[in-house]
Every structure is written in C-alpha cells, then in structure tokens.
Amino acid sequence: MRHGRPLFDLDELRGQKFAPSDITQILLDYEQTDLAPDCSPPNDAIELANACAAHFSSQLPRAKASIERLGLRHKAQTDPLFAESSMPHTHWTRPKLDALIWSVTFRLAWLVGFSQNGESFAHAKQRAMQAVEMLENAAQQHGDVFLLGHGIMNRVLGRELKRRGWHKVAANGSGYWSHMVFEK
C-alpha cells in the first residue's frame, strides 16, 4: 500500500518553476514530511491492513504516520529497505522549469542510469530483492503480509515479486492509500 497524502505534497508544486538546484531542498523537505492532518485512510485500506498477520513499513515519517493511522503502530516492523528511492538531481542553476517536468525528467533519466545525488536504479533493484526476500520469509511464517511503502519503490518491489512467480490479483490505482495484492 502507498502512504497517505503528505503534509508537504509535491503535487502542490505543479505550475511553479524551479532550477534543478532548488530540487535538492524540496526533496529533503519531502523526505522528512509527515502526513497532512486531515488525511485519513479509507475503510477498505484499514480492513486490508488489519487482515494481515505480519506488517512492514518504510521508516520515512509519512510511512510511519500512515501505519499509525491504519491502527498498526505497535505491529509494524520498519526497515529502510522499503524506503522510496531517492530522486537523482543536479545542482544546475538553469533552466527553470515546472516542478513536474523536473520530476518526470529526473525519474526517466533514473530509469536509464542517471543517479547523481540519488540512489541508482540498479541499487534500488538490489534493495527490492532483499525486501522481497524479507516479505516472502514473513509470508511463509505468517501467511498474509502487509507492506506500507512508496509509489516508485512499490512498483520496483512489484516487478521483483512477479519475477519470483507472484501474481498481481488486485490493484486500485497509484494514488495515496492505493494498494496492490499479490499471491503465489
């Protein structure tokens, strides 16, 4: 499941122009942001999360706050393996473009190997392999397993699950509180 809507929502930067060097502070702020106070999980998310026997989460504040709002504060094991892959960026002062354009540009560049000031895609895939191994071990011990993570890393984890023979049997989009269900 993806975390809830953060207090500092990157979508709110759409339409504002930034130099690539401005992105550094924006990304640092986003990494440390909590959830918006009015962001509550939908009932189906609460039911899905609480129906699982083992719970995992990223250690980032927006993920930990999402775990609390799902009622799993004392049940979830946090681990940096599940954190969002940091976005690469440069320290150029020009050109100034819409934040969404920089976000898409840097993520596409990340997919083809650009990782300056961020985590490489290759490293994110290695991390996903370790994370999926942890989830598979928990599934063997406990049955249903729940992970509260982040948009991009959840997709990388999903690809690794599929590579290992898991099948996506349900999904409800890519927005906040969205989820995917895999079975083997």
What heavy-atom pair brings [X] and [Y] nearest, and what distance separates the two atoms?
| X | Y | result |
| --- | --- | --- |
| Q59 | A83 | OE1-CB, 3.6 Å |
| A128 | V156 | CB-CG1, 3.6 Å |
| P95 | P20 | O-CD, 3.3 Å |
| N50 | G71 | OD1-O, 4.2 Å |

Is there a path of hydrophobic side-chain contacts, each under 4.5 Å between heavy atoms, that joins [X] and [Y]?
| X | Y | value |
| --- | --- | --- |
| L135 | L72 | no |
| L97 | F18 | yes |
| F8 | L100 | no |
| L148 | M153 | no |
| V169 | W166 | no |

Within the distance-only criterion (no hydrogens, no angle test), does the side chain of R164 pair as donor or acceptor with the backbone N or O of V132 below 3.5 angstrom?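 No, R164 side chain to V132 backbone: no donor-acceptor pair under 3.5 Å.
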Please check: side-chain N/O of S178 versus main-chain N/O of R2, any donor-acceptor pairing under 3.5 Å?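 Absent.
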Salt bridge (Lys or Arg N to Asp or Glu O under 4.0 Å) contacts touching [range] (sequence neighbours left out):
| range | answer |
| --- | --- |
| residues 13-25 | D11-R14 |
| residues 76-104 | none |
| residues 38-59 | R5-D38 |

Sequence-distant partners of [X], side chain to side chain contact (heavy atoms under 4.5 Å, CB included), two or more places apart:
| X | value |
| --- | --- |
| R73 | E68 |
| S103 | M87 |
| Q126 | H123 |
| A54 | F56, A138, H142, V145 |

Whether W92 and W102 hold their rings parallel, tilted or perpendicular, with breakpoints at 30° and 60°: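 If you compare the ring of W92 with that of W102, the planes turn out perpendicular.
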Take the angle between the ring planes of H91 and H89 and call it parallel below 30°, perpendicular above 60°, tilted in between.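 Taking H89 first and then H91, their aromatic rings stand perpendicular (interplane angle over 60°).
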Nearest 0.5 Å, please: how far is [atom2] in [Y] from [atom1] in [X]?
| X | Y | atom1 | atom2 | answer |
| --- | --- | --- | --- | --- |
| M134 | M129 | CE | CE | 14.0 Å |
| L70 | M1 | CG | CE | 6.0 Å |
| S57 | F82 | OG | CZ | 8.5 Å |
| N117 | F106 | CG | CZ | 9.0 Å |
| L35 | S66 | CG | OG | 4.0 Å |
| N154 | S174 | CG | OG | 11.0 Å |

For [X], which residues count as a side chain to side chain donor-acceptor pair (under 3.5 Å) partner, sequence neighbours excluded?
| X | answer |
| --- | --- |
| Q25 | D29 |
| Q130 | none |
| S58 | H150 |
| R127 | E119 |

For Q116, is the CD atom crowded, meaning more than 12 foreign heavy atoms sit under 6.0 Å from it?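 More than 12 within 6.0 Å, yes.
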Considering residues at least two apart in sequence or located in another chain, which fulfil the salt bridge (charged side-chain N to carboxylate O under 4.0 Å, His left out) criterion with R163?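 E160.
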Checking W177 against H3 for the side chain to side chain contact (heavy atoms under 4.5 Å, CB included) test, could you report, in this order, the C-alpha distance in whole Å, the side-chain angles of both residues, the deciding distance, and whether it holds? CA-CA 5 Å; W177 302 115; H3 59 78; over 6 Å; no
Carboxylate-amine/guanidinium contact K168 E183, below 4.0 Å: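 No, this pair does not count.
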Geometric cation-pi criterion, R107 with W110: 6.0 Å, 45°: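 Yes, cation above the ring, under 6.0 Å and within 45°.
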What I'd like to find out is whether the side chain of F146 reaches to under 4.5 Å of the side chain of K75, using heavy atoms alone.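 F146 vs K75: side chains apart.
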Quick one, L28 and E31 - any side-chain contact, counting heavy atoms below 4.5 Å?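 No. Closest side-chain heavy atoms not under 4.5 Å.
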Quick one about Y176 and D9 (side-chain donor to acceptor, distance below 3.5 Å, no hydrogens or angles considered), yes or no?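 There is such a pair between these side chains.
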Which one of T90, T105, L108 satisfies the side-chain contact (heavy atoms from CB on, under 4.5 Å) criterion with F114?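 The side-chain contact (heavy atoms from CB on, under 4.5 Å) with F114 is passed solely by T90 among T90, T105, L108.
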